[in-house]
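To start, the structure itself, in C-alpha cells.
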Amino acid sequence: MQWESVIGLEIHTQLATRSKIFSGASTVYGAEANTQACVVDLGMPGTLPVLNTEAVRMAVKFGLAIGAHIAPRSIFARKNYFYPDLPKGYQISQMELPIVGKGQIDIELDGEQTKTIGITRAHLEEDAGKSLHEDFHGMSGIDLNRAGTPLLEIVSEPDMRSATEAVAYMRKIHSLVQYLEICDGNMQEGSFRCDANVSIRRKGQKKLGTRAELKNINSFRFVERAINYEIERQIDILEGGGKVIQETRLYDSDNNTTRAMRSKEEANDYRYFPDPDLLPVDLEEAYIDQIKQTLPELPNEKKKRFISDFGLSAYDASTLTSSKPMADYYEAVVKASGNEAKLSANWVIGELSGALNKANLNIKDTSVNEKMLGGMIKRIADNTISGKIAKQVFEAMWNNEGEADAIIESKGLKQVTDSGAIEKIIDDIIAANPTQLEQYRTGKDKLFSFFVGQTMKQTQGKANPKQVNDILKKKLNP
Amino acid sequence: MHNKTIAELSTGLKDKQFSSEELTRHFLDRVKRLDHKLNCFITLTEDVALEQAKRSDKILQNGDAHPLTGIPVAQKDIFCTKNIKTSCGSKMLDNFYSPYDATVIEKMSDAGAVLLGKTNMDEFAMGSSNETSFYGPVKNPWDLHTVPGGSSGGSAAAVAARIAPAATGTDTGGSIRQPAALCGVTGLKPTYGRVSRYGMIAFASSLDQAGPLTQSAEDAAIILSAMAGFDTRDSTSTDIAVPDYTSTLANNISGLKIGIPKEYFSNALESGVQSAVQDALKEYEKLGAKLIDIELPNSGLSVPTYYVVAPAECSSNLSRFDGVRYGYRCDNPANLEDLYKRSRGEGFGQEVKRRIMIGTYALSAGYYDAYYLKAQRLRRLISNDFSAAFKKVDVIMGPTTPTTAFKIGEKTNDPITMYLSDVYTIAVNLAGLPGISIPAGFSDNKPVGLQLIGNYFEEAKILNAAHQYQLVTNWHRQIPDAFS
Amino acid sequence: MSLDKEDVEKIAHLARLAINEDDIPEYSRELSKILDLVAQMNAVDTSNIEPMAHPQENSQRLREDKITELNQRDAIQANAPQVERGLYLVPKVIE
C-alpha cells in the first residue's frame with residue numbers, strides 16, 4: 001500500500017516586543033520566577049488588557065511579507081479553558097477575524113526545486129506561563145513570567161507531504177521572521193515553536209485522513225523526527241486494520257516517540273467569544289502602506305538580486321539568503337573583496353560555514369569578520385596567494401592570528417609570480433626526472449600533474465598555479 | 001452633620017465649621033453605632049480614613065480644596081483597594097487584599113475623598129436584593145424586614161441611613177439605580193466608557209459601569225466629576241473630556257422634551273409606584289418640560305437578552321478564580337481538577353454558580369449562535385430603539401423598578417422573579433446609556449424611584465433635570481426615622 | 001428548554017464547579033427556568049441584524065511598547081495560597 005502523508009504546521013512566534021502584548025511587564029527571557037508577571041499578566045481581579053502597538057505592527061509586517069490580506073478590522077476573542085499556566089482561565093487570541101489572512105511562501109527543495117506552501121492565517125495571541133514539575137514534593141510550580149508574551153500564530157495549509165518539506169517550511173518561516181526583525185528566532189528559549197498536524201491517506205485519495213496534533217516541538221530536528229515517527233505510527237495502525245483517532249499528542253524527544261496527552265483527553269469546548277475588554281482593531285490603509293515602506297528586502301527578492309547582480313547559482317543564492325545575518329555577512333565580504341562575488345560565495349558557503357558548523361557557532365559569533373575574509377579574498381584575486389595557501393591564511397585568521405596581509409607577510413606565504421624563478425625550478429625538476437618526462441612525452445598525459453605537484457612541493461605551494469601550468473606546458477611539449 | 005449633603009459638608013469644611021477629622025469621626029461613630037442593624041459595611045477602614053482626613057485638613061487649610069476634599073465616602077467592595085480587603089461580597093475573596101488601587105479609588109483619593117469603608121454587596125454584583133452576599137443580607141433602613149435592592153445594596157442603604165454621606169456603586173443591569181430607588185437615594189449609572197473599569201472586579205465587562213449613590217443629584221454631579229475620565233489602562237474607556245457636571249445643574253429645563261415609554265407602564269408596575277411616578281412627571285410639566293409618548297418596542301426582550309450576555313461574560317470573567325494565585329483554595333485537593341472544582345464550588349455562592357453555568361452553556365459548542373449571537377443581535381435592536389427615541393426627545397423617564405422594596409427572603413427561591421425587578425433598568429446597560437434614579441415619593445411608606453435616561457455622554461442633561469426636580473421637591477431629603 | 005442531570009453535570013464540569021449530587025435537581029430546575037425566560041428571545045427575527053458586542057462603536061486603542069510594570073512579586077504573592085521559591089504551587093500537572 002502506498003501512503004501519502006499530509007502535514008500542516010502551526011508555528012508560534014514570540015514577537016520581539018519590549019513589553020507584553022497586553023501589559024507593561026518586560027518580556028526578557030530568563031528572569032527569576034514570577035518577577036515579570038504583573039497584575040495584568042496574573043489575571044488579578046479587576047485588571048484589564050491594553051494592546052501593544054508593536055505587536056500589531058509586527059503582525060502586519062509578517063502579513064505583508066507573505067503577501068497576505070491584512071484585515072482592516074480584526075477582533076480579539078477569548079479561548080476558555082482551565083490550566084494552571086493560564087492565569088485568567090482564558091487565553092486572549094483571535095478567532096473569527098485574525099489580523100493576517102491568506103498568504104503563501106515558497107520553500108526550496110533539493111536546491112533548485114521550489115514549492116509554494118499556503119498560509120491560512122496568522123493571528124495575535126498571548127503566550128501562557130510554564131509549569132515546572134521537579135522538586136516540589138509531588139506538586140508543580142507555576143512560573144508566569146512568560147504569560148502575556150505576544151505570539152503570532154502562523155497556521156499553514158496542509159500542503160506539506162513529508163517531514164522534509166515541513167522542516168523546509170519551518171526553516172523558511174524561521175528565517176523570514178528574523179529578516180523582518182519581529183522574532184529573535186531563539187528556539188532553545190522557546191521564541192519559535194511549532195505544533196504539527198499529521199495525517200496520512202492512500203495515494204490518490206482526496207479526502208484527508210484523521211489527524212493527530214503533535215505538540216511541544218522546539219527544534220528542526222525534532223520536527224522531522226516527530227513527524228516521521230507519527231507517520232510510521234499511523235501507517236502501522238491503518239495497515240493493522242485500526243483507526244487513527246483525532247487527538248493531541250506530545251513529542252518525547254528523549255525516547256523519540258509521541259504519546260497522547262492526558263490533559264487533553266476530553267474533547268475541548270473552548271467557548272470562544274469576542275473579548276469584551278478589547279475593542280475591534282481597526283487598521284487604516286495609510287498605516288499598512290507605511291509599514292509596507294519599511295519592509296526590508298525579503299529572502300526571495302534578495303535571492304533574485306544575488307543571482308542577477310552577483311552571477312550566483314540559484315543554489316548558492318538561496319544558501320546565502322537562508323538567514324539575514326548570513327546574507328548581510330556575504331554582501332559585506334563581497335564589498336571588502338573588491339566585488340569578488342563568486343569567490344566570496346565559495347568561501348562563505350565553504351570554508352566559513354564549515355568552520356562555524358564544526359565549532360557550533362553562529363555567523364554573528366565568528367572570529368573572522370567580513371573585512372578580514374574580504375581582505376583575504378582580495379589577495380587571492382590579485383594573485384598574492386593561491387586558493388590553497390588561502391586555506392592556511394583562513395585557519396590562522398580563525399585562530400585570531402590577525403588579518404590576512406599580516407599573516408601572509410609573517411608566514412612568508414606570498415605567491416611566487418616571478419616567471420624566471422619558477423622556470424628555473426621547473427627546469428631542475430625536469431632534469432631530475434627523465435623517466436617521467438619520457439613517459440609523459442610518449443602519451444602518459446596524467447604525469448602532467450606529477451610535475452605540477454613537484455613544482456608546488458618545491459615552492460611550498462606558493463607558486464602561482466596558472467603560471468606553473470603555462471610554463472610546464474611549454475617545457476614539456478617543446 | 002449627617003443630614004447634610006456633600007455640597008453642604010464641603011461648605012462647612014471650607015468655612016471651618018468642622019474639620020474633616022471631626023466629620024470622619026462622626027461618620028465612623030455612626031457606622032459603629034448603627035450598622036449592626038443594617039450590615040452595610042464589610043470593612044470599616046478607620047485607620048486609613050483618619051489618616052486621609054488629617055491629610056485633607058491640611059489641604060483645606062491651604063485653601064486649594066476640591067469639593068470632595070475631606071468628605072468621607074463609602075466604596076463598594078467591588079473596587080480594588082491596595083492592602084485593604086477587597087471581597088466582592090464573596091467567600092472566594094474573603095482573604096484577598098488587593099495589591100493595587102482601582103482607578104476609581106485613585107481618582108477619588110486624588111480629589112481628597114476620605115475612604116470610610118467598603119460596602120456590602122451581592123456576591124460578585126450578581127443579585128438584586130443583596131441577599132447573595134457572603135457577608136449576609138443588607139437591610140433597608142426604611143423597613144428592616146425588606147431588602148435594600150442590589151447589587152450595590154450596602155452603598156444605597158448606607159447613604160439612605162446617613163451613615164455615609166455618599167457612596168459608590170457599580171451597575172451591570174441596574175445595580176446602582178435599583179437599590180437607589182428602593183432606598184430612596186440618588187443613584188447614577190454613567191455612559192459605558194465614562195468611568196474607568198480598571199480595578200473594578202468584572203461581572204459582565206460590556207455592561208459594567210461605576211457611578212455614585214448620593215443624597216442628591218448635585219452630590220452625584222460632584223462625585224461623577226471626580227470619578228469619570230479617560231483611563232489608558234481600560235481599553236473600553238472613552239477619551240472624551242469630562243465636563244464639570246455641577247456647572248449645568250442650574251440650567252432652566254423649560255422646553256425639555258421628556259420621552260415616556262409606554263412599555264414602562266405595563267401591568268407589571270405596582271399602582272403605588274405608578275402614581276408616584278405620574279406625580280413626578282406632573283412636577284416636570286410644571287417646570288416647563290413637555291411629555292412625549294415614545295415606544296421602545298424591544299424593551300420587553302431586555303431581560304432575556306441580558307440573561308444571556310451577562311452570564312456569558314461572567315462565566316469567562318470568573319474563571320480566574322481558581323485557587324492558584326489568590327482567593328479561596330479548598331483543603332487538601334486530591335489533584336488539579338479537584339483543586340479547581342472544589343475551590344470554585346465551595347468559594348462561590350448559589351447565584352454566582354447558577355450564572356456561571358448558564359453562561360457556560362450559552363457559549364458552549366452548538367449553542368453559541370442560538371444564545372450568545374442571538375442575544376447580541378437583540379442587543380442592537382434594543383439599543384436602536386433608544387437611538388430612535390433620542391431623535392425625538394432629550395431624556396426618557398419612567399419608573400426605576402416595578403415595585404418598592406420587597407421582603408427579605410421573598411424572592412430568593414425564585415430567581416426569575418428576582419431578575420424581573422431589573423426590568424426597567426437592564427435595557428439601559430445593554431445600550432450603554434447613562435441613567436439616574438432619584439427619589440420620587442413613597443408607596444406604602446416605602447421609597448419610589450424615578451428613572452431618567454439620557455443619550456450617550458449626556459450625564460449633564462439628566463443631572464440637570466434631576467437637580468431641577470430636587471429643587472422643587474424634598475423627597476430626597478427624607479431620612480428614615482430610626483436613623484435621623 | 002430543559003436541562004437534565006447529565007447536562008448539568010457536563011456544564012458544571014466545563015465550568016469546573018463541584019456541585020453536590022443532591023443539588024443537581026434544583027440546578028436542573030432553575031437553569032431550565034432561566035432558559036425558558038431566555039427563549040423569549042426567539043420571538044423576534046434577527047437574521048439581518050449585526051451582533052452588538054460593545055455599546056460604543058470605538059476602535060481599540062494601542063499602547064506604546066514600554067515597560068511600565070516592575071517586579072512586585074512579594075506584594076502580589078502575599079495573596080497566594082501556596083508558593084515556594086517564587087512559584088505558585090498546584091497539584092501535579094499531568095500533560
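None of these values were measured; they are calculated from a predicted model. So you know, we letter chains A, B, ... as the sequences are listed, proteins then strands, and number each from 1.
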Give the minimum heavy-atom separation between B/V324 and C/P81, together with the two atoms involved.
O-CD, 3.4 Å

Applying ring pair (Phe, Tyr, Trp, His ring centres under 6.0 Å), name anything that partners B/F386, two or more places apart in sequence or on another chain.
none

Restricting to non-hydrogen atoms, name the atom on B/A370 and the atom on C/M41 that form the minimum distance, rounded to 0.1 Å.
O-CE, 3.9 Å

For C/I19, which atoms come within 4.5 Å of any heavy atom of chain B: side chain, backbone, both, or neither?
side chain

Heavy-atom contact with chain C under 4.5 Å, split by part of B/L433:
neither

Which residue out of B/L373, B/L381, B/V309 racks up the most heavy-atom pairs below 4.5 Å with chain C?
B/L381

Kindly compute the distance separating CD1 (B/I358) from CG (C/L3), expressed to the nearest 0.5 Å.
6.5 Å

Whatever's closer than 4.5 Å to a heavy atom in chain B on C/V83 counts as neither

Taking every non-hydrogen pair under 4.5 Å, which of C/V8, C/I76, C/V44 racks up the most with chain B?
C/V44

Inter-chain donor/acceptor N,O pairs below 3.5 Å: chain C to chain B:
residue, atom, partner, partner atom, Å
C/H13, ND1, B/K341, NZ, 2.6
C/A15, O, B/R344, NE, 3.1
C/A15, O, B/R344, NH2, 3.1
C/R16, O, B/R344, NE, 3.2
C/A18, N, B/K341, O, 2.9
C/Y27, OH, B/Q350, OE1, 3.1
C/E30, OE1, B/R354, NH1, 2.3
C/E30, OE2, B/R354, NH1, 3.2
C/V44, O, B/K374, NZ, 2.6
C/T46, OG1, B/K374, NZ, 3.2
C/I49, O, B/R377, NH1, 2.7
C/E50, O, B/R380, NE, 2.6
C/P51, O, B/R380, NH2, 3.1
C/M52, N, B/Q376, O, 3.0
C/Q56, OE1, B/T238, OG1, 3.4
C/Q56, NE2, B/Y192, O, 3.3
C/E57, OE2, B/R380, NH1, 3.4
C/Q60, NE2, B/S235, OG, 2.9
C/R61, NH1, B/S237, O, 3.2
C/R61, NH2, B/D231, O, 3.3
C/R61, NH2, B/D234, O, 2.9
C/N79, OD1, B/Y97, N, 2.9
C/N79, ND2, B/Y97, O, 2.7
C/L89, O, B/R329, NH1, 3.3
C/L89, O, B/R329, NH2, 2.7

Let me confirm one number: the CD1-CG distance from B/I356 to C/L17, rounded to the nearest 0.5 Å.
5.0 Å

Heavy-atom cut-off 4.5 Å, strictly under: side chain, backbone, both or neither for B/A362 against chain C?
neither

If we define contacts as heavy-atom pairs under 4.5 Å, which of B/V303, B/L318, B/L339 has the most with chain C?
B/L339

Checking heavy atoms, do the side chain of B/L336, its backbone, both or neither come under 4.5 Å from chain C?
both

